[in-house]
Amino acid sequence: MRFMMLMIPAGYENAGPEIELDPKAVEAMMAYNKELEEAGVLRELNGLHPPSTGARVSFASGSPVVTDGPFAEAKEVIGGYWIIEVKSREEAIEWAKRCPGSPNETIEIRRIQEMDDYSPEVQDVVEKAGGLELGRN
């Protein structure tokens with residue numbers, strides 16, 4: 001099973017475009033990332049720039065509407081993510097608990113949908129469209 005672990009740092013929704021990282025925190029996170037890699041569970045990871053540098057595309061009006069960041073209504077935003085492949089939700093939780101996160105950070109764990117999760121009808125539609133195995137290792 002693949003899971004995405006989403007890092008949610010409090011206050012990141014108001015961060016400016018400049019990136020200011022604590023080298024000691026980065027060192028601890030790199031050690032954690034190495035541990036995930038050496039255990040053979042890490043599939044991908046990335047940090048994300050603050051929302052102030054992003055954009056949102058909304059379809060609420062029936063047509064795409066683009067809003068540049070920062071976003072006034074944002075309460076929690078994602079600062080980065082890991083994709084891991086483990087045997088269970090419980091194992092994903094155990095890996096998240098080992099993260100050297102700071103007191104202002106939360107990790108949300110979400111299982112990634114696999115084709116087996118869908119009905120045969122949906123699988124048939126995807127297969128006829130050429131599949132969706134993008135990003136799979």
For residues [X] and [Y], report the shortest heavy-atom separation together with the two atoms involved.
{"X": "Gly79", "Y": "Pro9", "result": "N-CD, 3.6 Å"}
{"X": "Glu44", "Y": "Tyr81", "result": "OE2-OH, 2.6 Å"}
{"X": "Pro64", "Y": "Phe59", "result": "CB-CE2, 3.8 Å"}
{"X": "Pro17", "Y": "Ser52", "result": "N-OG, 3.4 Å"}

Quick check: do [X] and [Y] have side-chain heavy atoms less than 4.5 Å from each other?
{"X": "Glu108", "Y": "Ile8", "value": "yes"}
{"X": "Ile112", "Y": "Arg110", "value": "no"}
{"X": "Arg56", "Y": "Val66", "value": "no"}
{"X": "Val86", "Y": "Met1", "value": "no"}
{"X": "Asn33", "Y": "Leu45", "value": "yes"}
{"X": "Pro100", "Y": "Met29", "value": "yes"}

Is [X] salt-bridged to [Y], cutoff N-O under 4.0 Å?
{"X": "Glu91", "Y": "Arg89", "value": "no"}
{"X": "Lys97", "Y": "Glu94", "value": "yes"}
{"X": "Arg43", "Y": "Glu85", "value": "yes"}
{"X": "Asp117", "Y": "Arg111", "value": "yes"}
{"X": "Glu114", "Y": "Arg2", "value": "yes"}

* Mind checking what makes side chain to side chain contact (heavy atoms under 4.5 Å, CB included) contact with Ile109, not counting sequence neighbours? -> Phe3, Met5, Ala92, Ile93, Ala96, Ile107
* To do: Test Tyr118 against Val126 for side chain to side chain contact (heavy atoms under 4.5 Å, CB included), laying out the working first.
  => CA-CA 10 Å; Tyr118 300 117; Val126 172; 5.8 Å; no
* With rounding to the nearest 0.5 Å, note down the distance linking CG in Leu6 to OG1 in Thr106. =>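 The distance works out to 11.5 Å.
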* Verdict with reasoning, Val57 to Val65, per side chain to side chain contact (heavy atoms under 4.5 Å, CB included) -> CA-CA 5 Å; Val57 180; Val65 176; over 6 Å; no
* **Test item: side-chain donor near acceptor, Glu76 and Tyr12, under 3.5 Å** =>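 No pair is found: no donor N or O on one side chain lies under 3.5 Å from an acceptor on the other.
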* **Between Trp82 and Asn46: side-chain donor-acceptor atoms closer than 3.5 Å** => no
* Step by step, would you call Met7 with Cys99 a side chain to side chain contact (heavy atoms under 4.5 Å, CB included)? -> CA-CA 10 Å; Met7 178 60 80; Cys99 180; 3.9 Å; yes
* Asked: Quick one: does Glu38's side chain have a donor or acceptor within less than 3.5 Å of a partner on Glu35's backbone?
  -> no
* Asked: Would Ile83 and Leu48 show up in the same hydrophobic cluster when neighbours are defined by side-chain heavy atoms closer than 4.5 Å?
  -> yes
* To do: Please report the C-alpha distance between Lys34 and Glu37 in whole Å, then the side-chain angles of each, then the deciding distance to 0.1 Å, and finally whether the salt bridge (charged side-chain N to carboxylate O under 4.0 Å, His left out) criterion is met.
  => CA-CA 5 Å; Lys34 186 72 170 167; Glu37 182 180 41; 3.5 Å; yes
* **Whether over 12 other heavy atoms sit under 6.0 Å from Glu27 CD** => no
